[in-house]
A.B. asks: 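Please see the structure below; I have some questions.
It should be emphasised that the depicted structure is a prediction, and the values quoted were computed from it without experimental measurement.
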Amino acid sequence: MNDYKSLLKKGWLFFTVAIVFLWAKTYYALKTAFTLDIENKSQQFILAITPISSILFFLGLSFFFSPKLRNKAFMVIYFFMTFVLFANVVYFRFFSDFITLPVLMQYKNFLELGGSAQALIHPTDILYWIDVVILIAWMVSKKTKPSMRFKKRTVAMLYAAVIGIAAVNLNLADKERPELLTRTFDRMKLVKLLGIYNYHIYDSVMTANTSSKRVFADSDELSEVLNYVNGQQGKMGVQGKYYGKAAGKNVVLVSLESTQNFVIDRKLHGQEITPFLNDLADDSFYFKNFYHNTAQGKTSDSEFLLDNSMYGLPRGAVFTTNAGNEFNATPEILKKEGYTPATFHGNHDTFWNRDVMYKSLGYERFFSKEEYDVTEENSVNYGLKDIPFFEQSMPMIKELDKPYYAKFITLTHHYPFILDKEEEKMIKPAETGDGTVDRYFQTMRYQDEAVKKFFNMMKEQGEYEDTIFIMYGDHYGISDNHNRAMSEILDKEIRPFEEMQLQKVPLIIHIPGMEGKEMETVGSQVDLKPTILHLLGVKERNDIQFGVDLFSKEREDLAIFRDGSVVTDKYAYAAKENICYDKSTGEEIETKTCAPLKEKAEKELQLSDKVVYGDLLRFWEDNQHLEGKK
């Protein structure tokens with residue numbers, strides 16, 4: 001027994017057991033929690049060794065603390081690494097993505113998720129924490145407390161092993177994916193070939209790098225961007241056939257939470273999922289080939305795209321990382337035209353840093369949760385349910401000076417798609433066995449009913465006739481983690497091509513008194529700003545836009561995704577898989593056919609990022625080249 005206790009007290013045994021524990025659960029997560037698509041034995045081997053170097057490196061840092069603090073430092077580091085792993089597991093379940101440092105700046109969002117966060121936690125998650133309890137019990141026990149004392153030579157050998165294993169990992173990763181570290185948008189491959197902890201080291205370096213871009217930016221970079229949107233693209237400012245048709249009218253935008261286009265005109269159990277939107281689409285300009293461009297910023301990304309005609313960032317969200325930038329957003333432009341820009345949202349004003357960002361965008365009024373009567377009865381998940389949200393918003397709309405530019409952000413149709421009252425469930429759930437997908441249609445039906453009531457109230461209050469309505473889906477609601485269930489709903493296999501088509505979101509532009517039309521135009525959220533301004537008869541002056549008026553015959557049918565994928569009227573290019581499809585047949589064709597699209601997407605995304613990271617619009621007045629354009 002004494003020999004056993006002596007063995008337990010040896011520091012190297014404790015350290016070795018901790019390494020094995022942390023490696024085992026990390027490998028378990030890489031194999032089961034993330035969809036990493038291991039293609040061969042080499043990648044399988046890489047997956048097994050990727051956690052080792054970072055585990056040794058970080059846990060080894062505890063050796064540099066004094067003997068009195070060493071045990072505590074070790075457990076703090078161990079706990080932190082477990083938390084990072086677990087946080088990524090939970091985040092991936094909904095977003096099919098990995099956490100970045102900019103996303104961590106949005107931690108307040110997670111604290112307000114309520115049911116959404118709870119639904120992402122699984123009972124088996126206890127497996128990620130059992131070892132932490134065991135190690136703490138081992139460490140605090142008087143009988144078995146380990147003596148973490150190591151010779152300098154041992155520490156030197158440890159870090160030599162770190163360098164050696166990391167070198168092998170990088171060499172193998174480079175063979176599997178050349179230029180891996182330059183393809184920053186492909187976080188899936190970074191984690192697969194570098195490991196979860198090494199990925200976060202890389203992400204930290206990238207965050208520091210992007211933060212420095214503003215410091216070293218200059219006005220010449222702004223000239224480069226303007227030359228592109230006015231030259232190579234050659235489309236900024238091109239006016240569509242409906243230019244000025246809605247001049248002077250109020251503008252109401254409704255952000256349809258998590259609404260994908262496949263629900264339009266679809267039935268479930270013999271019932272229409274979106275009966276009102278279906279009818280509205282028939283009486284409006286309905287764009288059935290309209291895509292979202294959002295990334296990690298989700299709804300905030302869609303708002304940024306809408307108001308600025310620039311793309312969101314590849315990591316994090318402009319709303320949280322660059323809210324202090326100089327912008328030339330739609331609200332600010334329309335304010336100069338006599339409009340009152342306002343936004344309505346049934347959650348806290350700090351969610352997505354909106355209280356700060358909206359001021360930068362030029363909004364005069366922000367009606368948030370504090371202006372609404374929000375109770376347990378009329379709220380769920382993120383905040384106020386959609387029907388009471390629109391009901392309580394009507395007096396606020398009436399008080400706005402006309403004309404107004406008013407944006408409404410719905411909330412109820414959000415993961416995990418829960419309604420707590422039976423009378424709100426106007427359609428039975430689907431029967432795929434996937435709770436997320438099955439419930440999706442119930443909250444979608446509720447949102448549709450809420451929008452219907454909103455239109456009726458606008459008519460009753462005399463606000464309808466002199467207003468144009470723009471309804472748009474903000475981002476996907478069902479991620480590729482649910483492809484099995486979605487294949488049942490769509491009755492087809494979900495390949496990368498089908499996954500791209502599922503990124504379509506509805507765009508319905510309703511102008512009272514104008515005949516509707518189904519539009520074949522291929523476009524995306526980046527095109528909304530020029531489309532809205534042109535409908536109102538407002539010309540762009542001193543602006544940078546990557547979108548083009550959706551009504552223009554001169555525009556290129558094009559939608560660029562944030563990951564570099566591209567869809568046109570003829571082709572679809574899936575960037576992550578590097579596959580080119582014939583859009584009419586859905587069949588794979590030679591990749592070189594999509595090479596120009598790939599190049600265009602990379603160029604456009606790079607230039608948009610340059611504007612945001614460098615805060616380039618602050619140089620506008622000082623840029624001599626731009627002065628000549630005024």
Side-chain angles (χ1 to χ4, degrees), residues 15-16 18-64 77-78 80-82 84-85 87-89 91-92 97-104 154-213 314-316 563-564 575-578 602 606:
F15 187 71
T16 302
I19 291 172
V20 172
F21 276 159
L22 191 51
W23 172 85
K25 67 183 179 184
T26 304
Y27 183 66
Y28 169 77
L30 292 171
K31 290 283 288 183
T32 64
F34 310 128
T35 310
L36 297 180
D37 190 23
I38 305 303
E39 301 168 9
N40 51 50
K41 291 182 179 179
S42 176
Q43 290 186 5
Q44 182 64 60
F45 177 73
I46 292 172
L47 198 71
I49 69 168
T50 53
I52 300 175
S53 62
S54 47
I55 289 174
L56 292 175
F57 174 81
F58 284 112
L59 293 183
L61 292 178
S62 63
F63 299 160
F64 296 97
I77 296 171
Y78 194 93
F80 179 75
M81 294 184 74
T82 298
V84 168
L85 176 65
N88 277 281
V89 168
Y91 187 82
F92 193 90
D97 201 354
F98 298 93
I99 295 173
T100 62
L101 278 182
V103 165
L104 289 178
T154 304
V155 177
M157 291 175 62
L158 173 71
Y159 279 95
V162 169
I163 295 171
I165 296 171
V168 171
N169 189 170
L170 284 172
N171 183 54
L172 292 174
D174 186 65
K175 290 180 179 179
E176 289 293 323
R177 184 66 171 187
E179 301 179 349
L180 173 68
L181 299 183
T182 62
R183 299 176 63 82
T184 58
F185 65 82
D186 199 345
R187 285 180 284 274
M188 204 74 72
K189 285 188 171 60
L190 285 169
V191 171
K192 181 170 70 172
L193 298 176
L194 295 181
I196 193 72
Y197 305 115
N198 289 332
Y199 153 73
H200 280 293
I201 294 174
Y202 173 76
D203 176 59
S204 300
V205 173
M206 291 301 298
T207 299
N209 181 47
T210 54
S211 298
S212 67
K213 290 181 179 179
R315 302 160 54 256
D563 69 355
K576 289 183 179 180
E577 295 81 9
N578 194 32
E602 291 177 347
Q606 176 194 27

A.B. asks: Is the closest side-chain heavy-atom distance between Q43 and N40 below 4.5 Å?
C.D. replies: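 Side-chain contact under 4.5 Å: yes.
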A.B. asks: Just one of I49, I52, T50, L47 clears the side chain to side chain contact (heavy atoms under 4.5 Å, CB included) bar with Y27, so which one?
C.D. replies: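 Single pass found, and it is L47.
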A.B. asks: Any idea which heavy atoms bring A575 and G564 closest together, and the distance?
C.D. replies: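 That would be CB-C, 3.5 Å.
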A.B. asks: If you round to the nearest 0.5 Å, how far is OH of Y28 from OG1 of T26?
C.D. replies: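 One finds 12.5 Å between OG1 of T26 and OH of Y28.
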A.B. asks: Could you check if a side-chain atom of L172 sits within less than 4.5 angstrom of a side-chain atom of L193, using non-hydrogen atoms only?
C.D. replies: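 Side-chain contact under 4.5 Å: no.
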A.B. asks: Hey, what do you get for CD1 (I165) to CG (L170), rounding to the nearest 0.5 Å?
C.D. replies: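 I165 atom CD1 to L170 atom CG measures 12.0 Å (nearest 0.5 Å).
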A.B. asks: Just how far is it from atom CD1 of I55 to atom OH of Y197, taken to the nearest 0.5 Å?
C.D. replies: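 Result: 5.5 Å between the selected atoms.
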A.B. asks: Find out whether I163 and Y159 are in side-chain contact, i.e. whether some heavy atom of one side chain is under 4.5 Å from a heavy atom of the other.
C.D. replies: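 No, too far: nothing below the 4.5 Å cut-off.
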A.B. asks: Rounded to the nearest 0.5 Å, what's the gap from CD1 on I19 to CG on L158? Could you check?
C.D. replies: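 Answer rounded to 0.5 Å: 7.0 Å.
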A.B. asks: Can you name the nearest heavy-atom pair linking S54 to N198, along with the distance?
C.D. replies: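 Minimum heavy-atom contact is CB-OD1, 3.4 Å.
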A.B. asks: I need the L59 CG to L22 CG distance, nearest 0.5 Å.
C.D. replies: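 The distance works out to 6.0 Å.
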A.B. asks: Distance check, rounded to the nearest 0.5 Å: L61 atom CG versus I77 atom CD1?
C.D. replies: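 L61 CG to I77 CD1: 5.0 Å, rounded to 0.5 Å.
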A.B. asks: Taking the ring centre of each residue, are F98 and F92 less than 6.0 Å apart?
C.D. replies: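 They qualify: ring centres under 6.0 Å apart.
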A.B. asks: Side chains of M81 and L85: does their closest heavy-atom pair fall under 4.5 Å?
C.D. replies: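 No, too far: nothing below the 4.5 Å cut-off.
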A.B. asks: Tell me the closest heavy-atom pair linking I99 and Y199, and the distance in Å.
C.D. replies: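 Smallest interatomic distance, heavy atoms only, reads O-OH, 2.9 Å.
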A.B. asks: For the residue pair T154 and F15, establish whether any side-chain heavy-atom pair is separated by less than 4.5 Å.
C.D. replies: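 Contact flag for T154/F15 side chains = no.
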A.B. asks: Looking only at heavy atoms, what is the nearest atom pair of P51 and L30, with distance?
C.D. replies: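 Distance-wise, the nearest heavy atoms are CG-CD1, 4.2 Å.
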A.B. asks: List the atom of N169, the atom of L194, and the distance in Å for their closest heavy-atom pair.
C.D. replies: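 The answer is OD1-O, 3.7 Å.
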A.B. asks: Determine the minimum heavy-atom distance between K31 and Q44, stating which atoms define it.
C.D. replies: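 The pair with the smallest heavy-atom distance is NZ-OE1, 3.1 Å.
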A.B. asks: With side chains defined as the heavy atoms from C-beta onward, is the minimum distance between I201 and F58 less than 4.5 Å?
C.D. replies: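 Of all side-chain heavy-atom pairs linking F58 with I201, at least one is under 4.5 Å.
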